[in-house]
Each structure stands twice: as structure tokens, then as C-alpha cells.
Participant: 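Just passing along the structure, written as C-alpha cells.
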Amino acid sequence: MATERYNPRASEPKWQKAWDAKKLFEANNDDPRPKYYVLEMFPYPSGRIHIGHTRNYTMGDVVARYKRAKGFNVLHPMGWDAFGMPAENAAMQNKVHPKEWTYQNIATMREQLKVMGLSLDWAREFATCDVDYYHRQQMLFLDFVEKGLVTRKSSKVNWDPEDMTVLANEQVIDGRGWRSGALVEQRELTQWFFKITDYAQDLLDSLDGLDEWPEKVKLMQQNWIGRSEGLLIRWPLAAPIAGEHELEVYTTRPDTIFGASFMAVAADHPLARKAAETNPALAKFIEEVRHMGTSVAALETAEKKGFDTGIRVVHPFDDSWTLPVYVANFVLMEYGTGAIFGCPSGDQRDLDFANKYGLPVIPVVMPEGADVKTFQITEEAYVGDGAMINSRFLDGMKPDRAFDEVAKLLEQQTIGNRPMAERKVNFRLRDWGISRQRYWGCPIPMIHCEDCGVVPVPKADLPVRLPDDVEFDRPGNPLDRHPTWRHVKCPQCGKDARRETDTMDTFVDSSWYFARFTAPWAHEPTDPKAANEWLPVDQYIGGIEHAILHLLYSRFFTRAMRETGHVDLAEPFKGLFTQGMVVHETYRVGSASNGRWLAPTEVRLEGVDGERRAFDIATGEAVTIGPLEKMSKSKKNTVSPEDITDGYGADTARWFMLSDSPPERDVEWTDDGAAGAHRFIQRIWRLVSTAAETLAGIKPGAAGAGEAGVVSKAAHKILKAVGEDIEKLAFNRAIARIYELANALTAPLNEVAEGKADPALQGACREAVEILVHLIAPVMPHLAEECWETLGGTDLVAERPWPVFDPALVIDNEVTYPVQVNGKKRGDLTIARDADQGAVEKAVLALDFVQKALEGKAPRKVIIVPQRIVNVVA
RNA sequence: GCGGGCGUGGUGAAAUUGGUAUACACACCGGACUUAAAAUCCGGAGGCUUCGGCCAUGCGGGUUCAAGUCCCGCCGCCCGCACCA
């Protein structure tokens with residue numbers, strides 16, 4: 001029987017409408033079934049949906065559809081991370097208002113997403129730039145202020161003098177602003193901060209409980225938080241300087257205190273500043289260090305430099321021992337106390353510094369087996385374990401013991417009114433600076449009053465709305481130069497006052513959107529009942545690039561929201577999955593300097609003698625095929641979702657993106673792969689539709705034996721395997737299993753279609769086809785509906801339960817053991833599943849090839865791993 | 001520099017976590033159908049072989065009845081952090 005080809009362009013919109021009409025994907029907060037919250041990191045509305053987005057959302061959609069079929073009340077929402085710089089850049093370049101630009105992009109991208117047939121609850125959609133959303137964010141901010149979670153302090157920032165704005169570290173490239181190219185300056189600015197460091201220990205400890213997170217991400221967060229245990233040591237100054245009597249340093253290696261040969265302080269250290277007041281050469285040096293910049297590249301290449309301040313400190317254990325204090329370019333004011341003691345033998349950087357300035361190098365830790373008389377440190381510092389030497393009363397101790405000894409002794413001594421040393425835990429994690437001198441962000445709801453100081457905007461006066469009438473003709477913050485917006489009355493005294501014109505970092509917006517989705521209509525930031533029922537997100541899916549900031553900020557925010565009564569949990573994401581990128585090879589004509597990049601659609605590929613060659617379609621020129629790279633506009637190696645959906649449909653795109661490559665790995669986009677995926681769609685359709693007429697009146701029924709039994713067993717085994725694979729997000733494996741089922745059903749279904757099948761086989765095939773249709777549904781939902789309808793289904797697959805496998809059919813009565821002799825496979829043995837070890841051994845030893853190998857002798861050992869393998873050791 | 005990961009056919013990959021290495025797909029080759037092509041269907045395929053087998057999971061060792069999987073040492077690639085005291 002001839003069937004027409006499956007036409008996704010006609011079918012896909014039809015089924016999308018059918019799902020919509022029944023509101024199948026709208027989650028009800030009062031639904032009594034167990035909940036399941038699956039969320040993909042929401043997109044920034046940059047203009048168009050990228051193929052990488054669709055891979056991300058397809059993964060989430062498979063999980064959502066599967067969990068729905070498994071009987072869960074599924075929440076699968078979508079929104080827009082809509083504040084941020086690109087909108088302002090577009091405003092400057094194209095004279096479009098950021099708001100208009102953003103909402104237009106959202107409209108475009110929403111339509112693109114709808115084409116994909118994602119089972120999203122669009123009723124809960126919002127954008128972070130909606131007044132409704134940032135209104136609640138301002139409420140949260142004020143609650144955080146009240147609980148002391150917000151602080152205002154002066155800090156060093158990267159300042160772009162041309163764009164007149166603060167840059168994030170990531171936006172500083174080789175010491176220059178990423179947009180303006182201007183040399184970035186370090187400036188002190190008073191900024192708003194969230195006190196994330198209050199939670200440093202908790203954020204670190206709680207990582208242990210996140211057992212559904214990738215180890216890699218947990219490790220990255222652990223390193224980012226950067227806990228270290230050390231000692232704060234107060235070194236007396238040999239002579240007081242401007243009222244200062246001591247120098248406080250932080251060290252994790254107090255055991256090496258007798259190896260100290262110098263002190264080094266940051267250029268911004270108070271002692272350095274004081275010394276510079278009377279020392280012009282030092283002042284000049286400090287100025288140089290300040291201008292060096294903090295970019296990675298600058299730090300990497302910078303030579304270690306120092307300047308002797310002339311100040312001397314006294315060794316805590318020896319009054320007659322003084323050490324010089326240097327200002328050094330490698331000491332950071334932000335970490336520890338901004339001052340260190342240098343022990344050249346135990347730290348490579350200190351050793352380089354000492355060698356450069358002719359400072360003593362005293363070895364204090366000697367590796368096991370070395371000789372005290374000959375052990376020396378010249379070019380390479382020794383940082384390992386060993387025994388203390390040249391350290392007076394510490395000699396012979398292990399370093400950790402010496403650490404305790406030094407701490408104990410110095411804790412008992414005093415300097416001023418304080419102990420000379422204190423144990424201290426230090427974190428690398430800094431407070432989260434959220435002030436941005438930008439327009440397109442959530443206004444910080446605070447008011448500056450000359451008399452009252454900084455005053456919160458009363459909640460009744462919220463939201464603080466962004467004004468629409470702003471100019472982008474000049475760099476800088478348009479809110480600052482708006483004629484009226486910043487002028488307000490002080491809510492406390494009524495005097496003329498000034499609005500805060502900084503807006504919040506966009507990472508704030510994305511730190512709680514997952515909670516807002518649980519009740520986006522609530523007047524308060526959350527409806528705590530809904531939030532506590534839905535949260536945590538059961539499965540969160542997104543890119544590894546958010547491993548630290550977004551995920552750490554969200555973890556902090558959830559804690560802060562618990563503190564302020566908006567939720568009742570600490571960890572927002574129970575399961576986290578970081579998916580790989582979609583990559584594509586690049587095509588270039590000409591050499592690097594004057595070459596040009598070609599898009600995949602501009603290139604013709606040929607295989608010549610097994611070698612792939614590419615040509616420019618327009619000119620015929622030879623094209624260089626470059627390596628697989630992340631898709632980028634500059635290299636033109638992008639593929640847009642429409643390139644596939646227009647021709648092949650959404651199901652092909654969805655299927656291809658999940659097949660072959662494991663989801664955490666990058667997937668290479670190839671035309672052959674997409675075509676192959678589409679061929680499979682047509683094959684399924686042919687398979688199902690040709691047999692559909694014969695199967696129409698057949699009652700589905702599993703068979704236990706014969707040809708029908710083979711069909712039923714394959715179907716039930718694969719049904720079980722696919723469910724397990726989806727639970728583990730192993731989509732590529734699930735897809736391989738589905739191919740297997742399609743392969744196994746091809747011959748029987750042809751028999752059915754040709755009318756050659758007996759009733760048992762017909763029943764088994766009917767059931768197996770129904771299973772197949774349900775198995776493909778999470779990945780290819782439209783095709784599944786079309787197949788289901790053809791089979792006479794009157795409901796939608798999207799609302800049907802996941803089929804249940806029969807345990808009796810997934811285990812075989814007989815099991816085939818590979819039989820090894822001395823670890824090498826020589827044959828197999830098929831025997832009853834329930835045969836005991838004795839019976840298996842007897843049967844194995846009777847096998848020809850085993851007897852031959854044994855040459856009449858008794859085996860040394862027979863190892864039988866039940867249901868797995870037999871190994872005979874001769 | 002520190003931390004982590006990876007390395008399996010021509011290609012993407014699989015291997016129940018120590019138990020038959022190469023499932024499934026792509027590409028390829030052959031056959032059927034066709035005047036022909038496309039589409040489709042069927043089949044083949046790690047390498048070597050004296051047809052008994054032997055060798056193969058980056059390289060070299062080790063543990064084990066048994067190693068892609070565990071341990072040690074190299075080589076190569078990738079990612080994260082980075083003057084952190």
C-alpha cells in the first residue's frame with residue numbers, strides 16, 4: 001500500500017494548535033499529583049534564537065514530556081533575561097529605544113520557539129524588563145536592605161573613560177574596554193553590594209549535598225569561594241610610622257616563619273601610602289603599579305617588582321632580627337590584609353623576588369631523605385611536606401605541627417592590646433557588586449538625602465520606573481543626565497533629594513526568576529506556598545559558562561529570600577545538567593589577513609579520493625575547511641533553526657540534536673546528520689502508516705513465544721531501557737534503542753501489511769507499534785501524534801500515560817554465557833536462566849572447546865558470574 | 001603555575017561501571033527495484049592471517065581468573081582558575 005510522505009510543514013502547526021486548545025502544558029498550582037519542575041536557562045533576547053538554544057530547550061522538553069507522561073504535574077516555563085548592555089548598544093548604534101528593541105526581539109524569538117513545538121507553559125511567560133518583574137525585584141532589594149544583606153562601600157572598579165562606565169572584569173580585554181578600546185583605569189567608586197560573603201561557608205558546605213550536580217561545577221564553585229585556613233600575624237614595626245606600630249599579614253604557612261626574609265605590601269596599603277608621603281620615588285613607583293591594570297594578560301606578563309619603603313619590622317620570635325618592608329606589585333589589597341611575609345624557600349614567587357633584590361633564602365622545610373648539610377634552595381622553591389630545619393624550636397617537626405606550634409605561641413603574646421596572632425579563615429569570594437552606571441537595568445530603589453543620608457524608597461512608592469524619554473547620543477548613564485528623573489523629595493524629611501541612578505547588575509534579574517515562575521501573578525515577589533511547593537527546580541539545564549556566577553548568585557539569592565520570608569529553602573536547583581554547544585566547521589577563502597569567511601550555505605562540499613574539498617558556490621574558488629568551532633557571527637559558521645525547520649520540520653531538528661552525541665558534549669552540526677534524522681522520520685511514518693490499516697481493528701497484546709514473542713520482548717525491553725535512559729538524560733542512548741526497535745519491527749510489520757501475519761503476531765505488532773509511538777513522542781512529538789491518529793487514536797499522545805513494560809517480558813528464560821578459557825572468549829553456552837552454578841559449571845566443562853583446552857586435566861578454577869560470564873582457568 | 005577532564009573503526013559514538021570491545025547512527029561498498037537516477041528495501045565491513053588463529057580502546061609498565069574501565073609513569077588535546085599570601 002502506497003503512503004504519502006510525512007509532511008511536517010502541514011502536520012506540525014496542526015498538532016501545536018491541538019495541544020494549545022487543550023492547554024496541555026499549562027501547570028496548575030493546585031494539581032494534587034507529585035510535582036516536577038524542569039527549567040532551561042532562559043535566553044537573552046539578542047535578536048534571534050540560536051541553534052544552541054534549541055538544543056538546550058529540546059533537552060528540557062524531552063524531560064518535561066516524559067515526566068508528564070509518567071504522571072507528574074510538570075512546570076516547564078519560559079521567559080526572557082531582557083535587561084543588559086546589547087540593548088543600549090543597539091540604541092546608540094541604530095537609534096532604537098532599548099525597550100522597543102528588546103520587546104521586538106522577544107516577539108521574534110517567541111515565534112521561533114513556538115515552531116519547535118516545545119511543551120512550555122506560555123501562560124507564565126515574563127521578561128525581566130517588565131515593570132511587573134523589576135517592581136518585585138525592587139521589593140526584594142528593600143527586604144534585603146532591611147535584613148542587612150546589602151551594603152554600600154567604596155571599591156576599586158574597572159572604569160572605561162570613554163564610555164564613562166564601570167566594566168566587569170570579563171569586559172576588560174588586554175587592559176582596554178571591550179567596546180571602546182580605551183585604556184581602562186582603576187577607580188574608587190562607592191557601589192552597592194550584596195553580602196554574599198556572609199554565606200561563604202554555607203555556600204561551600206552545601207555543595208556536598210548537591211548530589212545531582214556535575215562534580216566539575218561543584219569544584220569550580222569550591223575554587224571560586226576559595227577557603228583557606230591561616231594565621232593573622234601582627235609584626236611590630238621597628239619604629240612607629242605616623243602612629244602605626246604594627247604590620248598585619250595573613251599567611252597559610254606560619255610554619256615557615258623562620259624562613260621569612262622580607263615583608264611585602266600592596267601599593268594601596270595604608271603603610272605604603274604613608275611611607276610615600278615622604279618618599280617621592282616610592283610615590284612614583286606606587287603610581288606605576290596602579291596603572292598596570294588588573295587584566296589577566298597584564299598580570300601574567302608583569303615582572304615581579306618591588307620597592308623598599310625603608311620601614312623595618314621585628315621578627316616575632318627574635319627581637320634582634322629585623323626585616324625590610326617592600327611595596328610589591330604582586331600583592332593584592334583585596335585579599336587577606338594586603339600584606340604578606342615572604343618566605344623565598346617555600347614559595348616560587350617569593351624566591352624570584354628575593355633573588356632579584358638580593359634577599360636571603362633560608363630553607364626551612366626539607367623533603368624526606370635530604371641532608372641538612374647539603375640541602376639548598378636556589379632557583380626552585382620547595383612547597384612539599386617534610387621536616388622543619390633552620391627553624392630553632394620547630395626543627396624536626398612536620399610543617400602542620402609547626403603551624404600549630406607557632407599559632408599557639410603567638411596567640412599568647414600580645415601587641416598593643418591584641419594577641420600577636422589569630423587563626424583566621426579567609427575566602428577568595430568577594431562581595432557581589434551590583435551597581436551599574438547604565439540605563440537598561442532594574443533601578444536601585446534608594447534615595448540620597450543630604451540630611452538623612454541614604455534612604456530606601458518606601459514600598460508604597462514602588463515601582464521606581466525607568467523613564468522612557470532618554471537620550472543615547474552621548475556615552476555615560478542616561479539616567480544621570482535625565483532632566484527630571486533623579487529629582488525627588490526625601491521620603492523621610494521631605495527635602496529635595498536625589499535618586500540613585502545606578503541600576504542593578506543583570507545577574508540579579510536571573511538570580512530569582514525560577515522562583516517567580518512558580519507564581520508570576522503574585523503581588524509579592526513570590527507566593528511562598530507556591531514557591532515552596534514547586535521549588536527546588538528538579539532539573540535545571542544550561543551551559544557550563546554559568547557554572548560559577550549565575551549558579552552561585554542564585555544559590556545566594558535563595559538563601560537571602562529565605563531570610564526575608566519569600567521561600568523556605570536554601571538550594572534552588574536539585575539537579576543540574578550542563579549541556580554542550582552546537583559546533584560547526586568553518587569555511588574561509590584566502591589567507592588569514594585578507595581572507596573572508598563563508599557561511600555553510602555559500603559552500604559546496606565534494607569528496608575527492610576520500611578527501612573532502614569545499615568550493616565557494618558564487619565564485620568557484622577553493623575554500624579552506626577549518627576546525628569545528630562554536631558557532632559565531634564573525635566566522636559565519638552559524639546555522640539557524642529555520643534552516644532545518646523550514647525544510648525538514650521541528651522534529652528532525654529535535655531528533656538530530658539529541659542523537660549521536662551525548663548531551664554534555666559538543667555536537668557537530670552536519671547536513672548529512674540532519675538529512676539522516678529526517679530519513680528516519682519518514683521511515684517511522686512509512687512503517688506505521690503502511691501497517692496501520694491492517695492493524696486498525698487489532699487488539700494490542702503481548703506474546704510470550706514464537707515470532708510474536710520476539711516482537712513483544714524487543715518492545716518491552718526497549719521500553720524499559722528508553723525510560724531509564726531519559727531519566728539519566730542519556731538521550732543519545734535512548735535514541736539508539738529506538739532505532740533498534742524500529743529495526744526489529746521492520747520485518748514483522750511488513751508481514752502484517754502484506755496480510756501474512758497470524759493473530760498473535762498482529763496483536764504483538766499492534767502493541768509494539770503503540771509502544772514505538774509513545775517512545776518517540778518526547779523527542780518527535782508531532783510525528784508521534786500523526787502516527788497515533790493514523791493508528792486510530794482519538795486522544796493525543798501528549799496527554800497519554802507512558803506505557804508500562806511487563807517485567808516477565810524483559811527477562812529471558814535462557815541466558816547465553818560467553819565462555820572464556822584463561823580470559824579469552826572461546827565460545828558461548830546457552831542455558832536456562834535459573835540454572836544453578838553447579839549446572840552451569842557442568843555444562844561448560846562438557847563443551848568441546850573447553851575439553852580441548854583442558855586436555856583432559858581438571859580446571860584450576862571456574863569462575864561463574866551469574867547472568868554475565870564464565871571463565872575457565874586451565 | 002594550580003585544579004579538573006578527555007584520548008575507542010573513515011566519522012559521531014556505545015560498552016549494564018572490572019565481565020562477549022566496537023551497540024546505534026553517519027559516510028562507504030555491494031545487491032534488488034528502475035530505461036536511468038533519486039527514494040526505498042536487502043546485505044557487507046576493525047586490522048593481519050599460513051584460515052588453526054593472532055593483534056587491536058594514545059604509549060609503556062602493573063594489579064586481576066578477567067582491564068576501554070583500577071593503579072603507576074609518559075605523550076597529546078580540551079576546560080576552569082590564576083601573582084590568593
Side-chain angles (χ1 to χ4, degrees), chain A residues 5 214-224 226-228 230-231 249-254 256 263-264 266 294 296 298-300 302-304 328-332 334-343 346-350 352-353 383 426-429 544-545 547-548 607 610 612 655-656 659-662 664-668 670-677 679-680 682-683 686 721 724 730 732-743 746-747 750 816-828 859-874:
Chain A
R5 280 172 72 79
E215 285 303 319
K216 181 187 169 76
V217 173
K218 289 196 276 184
L219 201 67
M220 281 164 76
Q221 293 217 349
Q222 192 184 311
N223 292 339
W224 187 265
R227 184 183 197 272
S228 70
L231 204 61
V249 307
Y250 176 73
T251 179
T252 54
R253 295 294 304 273
T256 65
M263 316 296 285
T294 55
V296 172
L299 293 175
E300 222 169 56
E303 197 186 343
K304 312 279 172 279
N329 63 352
F330 59 82
V331 180
L332 305 172
E334 293 80 41
Y335 189 80
T337 60
I340 63 161
F341 80 75
C343 172
D347 182 298
Q348 191 59 43
R349 188 195 50 199
D350 293 348
D352 294 344
F353 191 83
V383 295
N426 229 321
F427 292 96
R428 207 192 75 104
L429 182 69
I544 186 77
E545 67 272 20
I548 296 170
R612 292 175 68 244
W655 184 262
F656 171 65
S659 49
D660 291 352
S661 291
E664 69 276 11
R665 235 178 276 181
D666 291 350
V667 63
E668 183 195 355
T670 62
D671 289 345
D672 281 340
R679 269 204 302 277
F680 184 65
Q682 295 296 352
R683 195 175 145 215
R686 231 175 9 252
E724 287 165 356
N732 56 321
R733 292 202 307 208
I735 282 174
R737 299 286 90 83
I738 293 173
Y739 273 113
E740 274 179 33
L741 181 56
N743 292 344
T746 301
N750 284 338
T816 299
Y817 284 97
V819 178
Q820 297 181 329
V821 177
N822 292 330
K824 286 202 168 157
K825 191 196 165 191
R826 297 296 168 186
D828 354 85
R860 279 207 285 147
K861 217 191 231 181
V862 179
I863 290 149
I864 299 166
V865 184
Q867 322 302 332
R868 200 129 296 172
I869 202 166
V870 178
N871 190 10
V872 179
V873 186

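The structure presented is a predicted model; accordingly, all values stated were derived computationally and were not measured. Proteins get letters first, then strands, A, B, ... in listed order; numbering begins at 1 in each.
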Participant: Under 4.0 Å, heavy atoms only, any strand: does A/Glu740 hit a base, just the sugar-phosphate, or nothing?
Facilitator: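 Sugar-phosphate, no base atom in range.
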Participant: Just compare B/A85, B/C41, B/A82 and give me whichever is closest to any side-chain atom of A/Trp224.
Facilitator: B/A82
Participant: Syn or anti for B/U17? Use the chi torsion, O4'-C1'-N9-C4 for purines and O4'-C1'-N1-C2 for pyrimidines, with syn inside 90° of 0.
Facilitator: syn
Participant: Between B/G19, B/A25, B/A85, spot the one nearest the side chain of A/Ile869, thanks.
Facilitator: B/G19
Participant: Measure from the side-chain heavy atoms of A/Asn732 and tell me the nearest of B/C83, B/A25, B/A13.
Facilitator: B/A13
Participant: Does a nitrogen or oxygen in the side chain of A/Tyr335 sit under 4.0 Å from OP1 or OP2 of B/A85?
Facilitator: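 Affirmative; the distance criterion is met.
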Participant: Using O4'-C1'-N9-C4 for purines and O4'-C1'-N1-C2 for pyrimidines, with syn meaning within 90° of 0, is B/G4 syn or anti?
Facilitator: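 Because its glycosidic torsion lies more than 90° from 0, B/G4 adopts the anti conformation.
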Participant: State whether a side-chain donor-acceptor pair under 3.5 Å links A/Arg860 with A/Asn822.
Facilitator: no
Participant: Glycosidic conformation of B/G60, syn or anti, with 90° from 0 as the boundary?
Facilitator: anti
Participant: Is the closest side-chain donor-acceptor distance between A/Ser228 and A/Tyr250 under 3.5 Å?
Facilitator: yes
Participant: Closest to the A/Ile548 side chain: B/C79, B/A27, B/C81?
Facilitator: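 Nucleotide nearest to A/Ile548's side chain: B/C81.
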Participant: Between A/Arg665 and B/A13, is there a contact of a side-chain N or O with OP1 or OP2 at under 4.0 Å?
Facilitator: yes
Participant: Given B/A23, B/G12, B/C24, which nucleotide is nearest the side-chain atoms of A/Arg737?
Facilitator: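 My answer, after comparing the listed nucleotides, is B/A23.
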Participant: I'd like to check the side-chain contact (heavy atoms from CB on, under 4.5 Å) partners of A/Lys861; sequence neighbours left out, ordered by chain and number.
Facilitator: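 Checked A/Lys861 against side-chain contact (heavy atoms from CB on, under 4.5 Å); matches are A/Ile863, A/Val873.
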Participant: Check if the side chain of A/Arg868 and the base of B/U16 share a donor-acceptor pair of N or O atoms closer than 3.5 Å.
Facilitator: yes
Participant: Given B/A13, B/C41, B/C79, which nucleotide is nearest the side-chain atoms of A/Pro662?
Facilitator: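 When the side chain of A/Pro662 is considered, B/A13 is the closest of B/A13, B/C41, B/C79.
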Participant: Which nucleotide in the set B/U20, B/A25, B/C55 lies at the smallest distance from any side-chain heavy atom of A/Lys824?
Facilitator: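 It is B/C55.
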Participant: For A/Asp672 and A/Tyr250, take the nucleotide of RNA chain B holding the closest heavy atom to each; which residue's nucleotide lies nearer the 5' end?
Facilitator: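 Result: A/Asp672.
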Participant: Classify A/Asp347 by what it touches in the nucleic acid, base, sugar-phosphate, or nothing, heavy-atom distance under 4.0 Å.
Facilitator: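 The answer is nothing, as A/Asp347 stays clear of every strand by at least 4.0 Å.
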Participant: So what does A/Arg826 touch, heavy atoms closer than 4.0 Å: a base, only the sugar-phosphate, or nothing?
Facilitator: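 Counting heavy atoms under 4.0 Å across all strands, the contact made by A/Arg826 is with sugar-phosphate only.
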Participant: Identify whether any heavy atom of A/Val862 sits under 4.0 Å from a base atom; if not, whether one sits that close to sugar-phosphate; answer base, sugar-phosphate or nothing.
Facilitator: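 If one applies the 4.0 Å heavy-atom cut-off, A/Val862 turns out to touch nothing in the nucleic acid.
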Participant: Looking at B/C84, I'd like to know if its phosphate oxygens (OP1 or OP2) sit under 4.0 Å from a side-chain N or O belonging to A/Arg253.
Facilitator: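 No.
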Participant: State the pairing partner of B/C6; accept Watson-Crick or G-U wobble contacts with both distances under 3.5 Å, and report none otherwise.
Facilitator: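 When the pairing criteria are applied, B/G76 turns out to be the nucleotide that pairs with B/C6.
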Participant: Report yes or no: is there a donor-acceptor pair, N or O only, under 3.5 Å between the side chain of A/Lys861 and the base of B/C65?
Facilitator: no
Participant: Any side-chain N or O of A/Arg686 below 4.0 angstrom from OP1/OP2 of B/A39?
Facilitator: no
Participant: So, OP1 or OP2 of B/A25: does either fall under 4.0 Å of a side-chain N or O from A/Asn743?
Facilitator: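 Looking at the OP1 and OP2 atoms of B/A25, one of them is under 4.0 Å from a side-chain N or O of A/Asn743.
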